[in-house]
Amino acid sequence: VSPGEIFNQDATLGFVADDDRHRLMVAMADLAYERDYTEIDEDQIEARAGLPPGTFAAHFASKQECIVHAYDASLQQTFMATAAAYARVSGDWTRASVAALDAFLTFVSNVPTLTHLSVIVGPQVSDAARAFNENAPLYFADFLRPGYAEAEQRYGAMPPLETITQITSGGLLDLIRRYCVERRVPEIREAHGAISVLLGSVLVGPEAALEALRAYEAERDA
Amino acid sequence: VRDRTPSSKRSPSAQPLPQLPRGRHALTREQVVESQRSRIVQAITEVVGTQGYHGASLTDITGRAGISRKTFYEHFEDKQACFVAAFQPRFAAIVDVALEAYAGDDPWPDRVRRALATLLDAIHADPLGARLCFVETLTAGPQAMTARIQELERLEAIYLPDDADANPMARTTARILVGGLADVVHRNVVAESDVRELLPHLLFSALSSQLGPSAAATLIEQADPD
């Protein structure tokens, strides 16, 4: 997946966009990865996109609007890829969760500038993006729901699913922030094992979670 | 978009903080400079704590500190640098008390419980600091984010059990748990909920990551039957 592909795929979802618009969003993400977004002006975005002066204003009212549109498209595609990976593994929620996390981290690592824009820049410029990021970890609650129901039956009272999800997936979001700050987003897949085992451990224990990870990796690598 | 500012805190005092006497006085230059700096730090703490980082203008901060813009820039390169000077010592103090509580030779689960309880008490006792450290640091900019990461990194020690060296995933797991802690605290601070109520949940996540949910639930139950 490349940033360009994200926006092209997005067009098939009814997102009103053309090639210039895609290029402007990609250029915005690239520049915001290199410097503080407040130091970026429209001329620089147009130059990076290889477009003539005035193009930016034809598509976006402001830098903030451009960032929010890129943020929306990027997150939508990330979540779709993650949900699709989960759905492909039927009947075993632990392996399905491991697969979903792998898809999520693969997507995130492939588009470092858009990841940075979604996790760092978006919340800086938009209250809506900030609020969305606060709730984003809860997106993973559905993946854990079957395991949570089993754990409740087995162990009795458990902390609320939302809280468990917030702690584990919120930790993942924070980890992504860190890779962004350290400019190491392409390496984030190295955390796949740890986050998979942590998510599973809370519901089935570390041994069973590690077993599910190894089974998934063996199947994937085969 | 909802107003994210706590309702009880939307009107910070427009009055400047107490200042040094005007005219001739016996204070040294160092004392004057120190007074200015501490007023600026206190001012940005109050203004950002009540209006949010992006809602806090330099005019608000200098007005509250009772200094000129020129004086502000004699002390700090920009608003973000000033913000870091305001929140990092508070964040460091919160982490320090947790690490002190964690120290000891008793079993790891007991030390984690003590550290988390102390940490949450410290956060609860400093609502303005909690807002600065756990909410506003996320959107203030790269310097603030880096300082936040540095403080959270120190906290990872409490999530590393004694045999952590034998587990190649232990460091990343600790990092994720600390990030998760910061994330739930963030949500509670924004919602103005009591962060101390998070203790059993944070403890469960920490213990189950090493011992599994059954052992974690048993340990929590034994330590606090209520």
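Computed over heavy atoms, backbone and side chain alike; hydrogens, waters and symmetry mates excluded. The shown structure was predicted, so the numbers you read here are calculated from the model rather than taken from an experiment. Just so it is clear: chains get the letters A, B, ... in the order the sequence lines come, proteins before strands, and each one is counted from 1.
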Inset, instruction - Output, in order, the C-alpha distance, side-chain angles, deciding distance and verdict of side-chain hydrogen bond (donor to acceptor under 3.5 Å, both in side chains) for B:Asp121 and B:Thr118. - result: CA-CA 5 Å; B:Asp121 282 346; B:Thr118 307; 5.7 Å; no
Legend entry - Members of residues 89-96 of chain B whose heavy atoms come closer than 4.5 Å to chain A: none
Inset, instruction - Could you tell me which portion of B:His201 (side chain, backbone, both or neither) has an atom closer than 4.5 angstrom to a non-hydrogen atom of chain A? - result: both
Inset, instruction - Please determine which of A:Phe143, A:Phe104, A:Phe79, A:Trp93 meets the ring-ring contact (aromatic ring centres under 6.0 Å, His included) test together with A:Tyr86. - result: A:Phe143
Legend entry - For chain A, the option from B:Ser214, B:Ser205, B:Pro168 that forms the most heavy-atom pairs under 4.5 Å: B:Ser214
Legend entry - Parallel, tilted or perpendicular: ring planes of A:Tyr71 versus A:Phe132, cut at 30 and 60 degrees: perpendicular
Throw together a table of side-chain donor-acceptor distances under 3.5 angstrom for residues 99-107 of chain B, partners on residues two or more places apart or in other chains.
unit_1: B:Tyr102; atom_1: OH; unit_2: B:Trp108; atom_2: NE1; d: 3.4
unit_1: B:Tyr102; atom_1: OH; unit_2: B:Leu160; atom_2: O; d: 3.4
unit_1: B:Asp106; atom_1: OD1; unit_2: B:Arg114; atom_2: NH2; d: 3.4
unit_1: B:Asp106; atom_1: OD2; unit_2: B:Arg114; atom_2: NH1; d: 2.5

Inset, instruction - Give the minimum heavy-atom separation between A:Phe140 and A:Ser169, together with the two atoms involved. - result: CB-OG, 3.4 Å
Inset, instruction - Taking only Lys NZ, Arg NE, NH1 and NH2, and the carboxylate oxygens of Asp or Glu, determine whether A:Asp142 and A:Arg145 approach each other closer than 4.0 Å. - result: yes
Legend entry - Neighbour count >12 (heavy atoms, 6.0 Å) for atom CD, B:Glu77: no
Legend entry - Presence of salt bridge, A:Glu134 and A:Arg130, under 4.0 angstrom: no
Inset, instruction - May I ask you to name which of A:Asp36, A:Ile195, A:Thr168, A:Val125 has the most heavy-atom pairs under 4.5 Å with chain B? - result: A:Ile195
Legend entry - Largest heavy-atom contact set with chain A, pairs under 4.5 Å, which of B:Gly212, B:Ala170, B:Gly141, B:Ser208: B:Ser208
Inset, instruction - Please look at B:Leu211 and chain A and tell me whether the side chain, the backbone, both or neither of the residue comes under 4.5 angstrom of a heavy atom of that chain. - result: backbone
Inset, instruction - Heavy atoms only, distances under 4.5 angstrom: which of B:Leu207, B:Thr146, B:Leu138 has the most pairs with chain A? Name it, please. - result: B:Leu138
Legend entry - Short N-O contact, B:Arg187 and A:Glu162, less than 4.0 angstrom: no
Legend entry - Those residues of residues 198-213 of chain A, ordered by number, that approach chain B below 4.5 Å (heavy atom to heavy atom): A:Leu198, A:Ser201, A:Val202, A:Leu203, A:Val204, A:Gly205, A:Pro206, A:Leu210, A:Leu213
Inset, instruction - Examine distances only and state if a side-chain atom of B:Lys79 and a backbone atom of B:Ala56 form a donor-acceptor pair shorter than 3.5 Å. - result: yes
Legend entry - Top contributor to chain B contacts, counting heavy-atom pairs under 4.5 Å, from A:Leu172, A:Ile164, A:Val181: A:Val181
Inset, instruction - Indicate yes or no: does B:Glu136 engage B:Arg131 in a salt bridge with an N to O separation below 4.0 Å. - result: yes
Legend entry - Derivation of the side-chain hydrogen bond (donor to acceptor under 3.5 Å, both in side chains) call for B:Ser68 and B:Thr71: CA-CA 5 Å; B:Ser68 67; B:Thr71 304; 2.9 Å; yes
Inset, instruction - Sequence neighbours left out, what pairs pass side chain to side chain donor-acceptor pair (under 3.5 Å) with at least one residue falling in residues 159-174 of chain B? - result: B:Arg111-B:Asp162, B:Glu156-B:Arg171
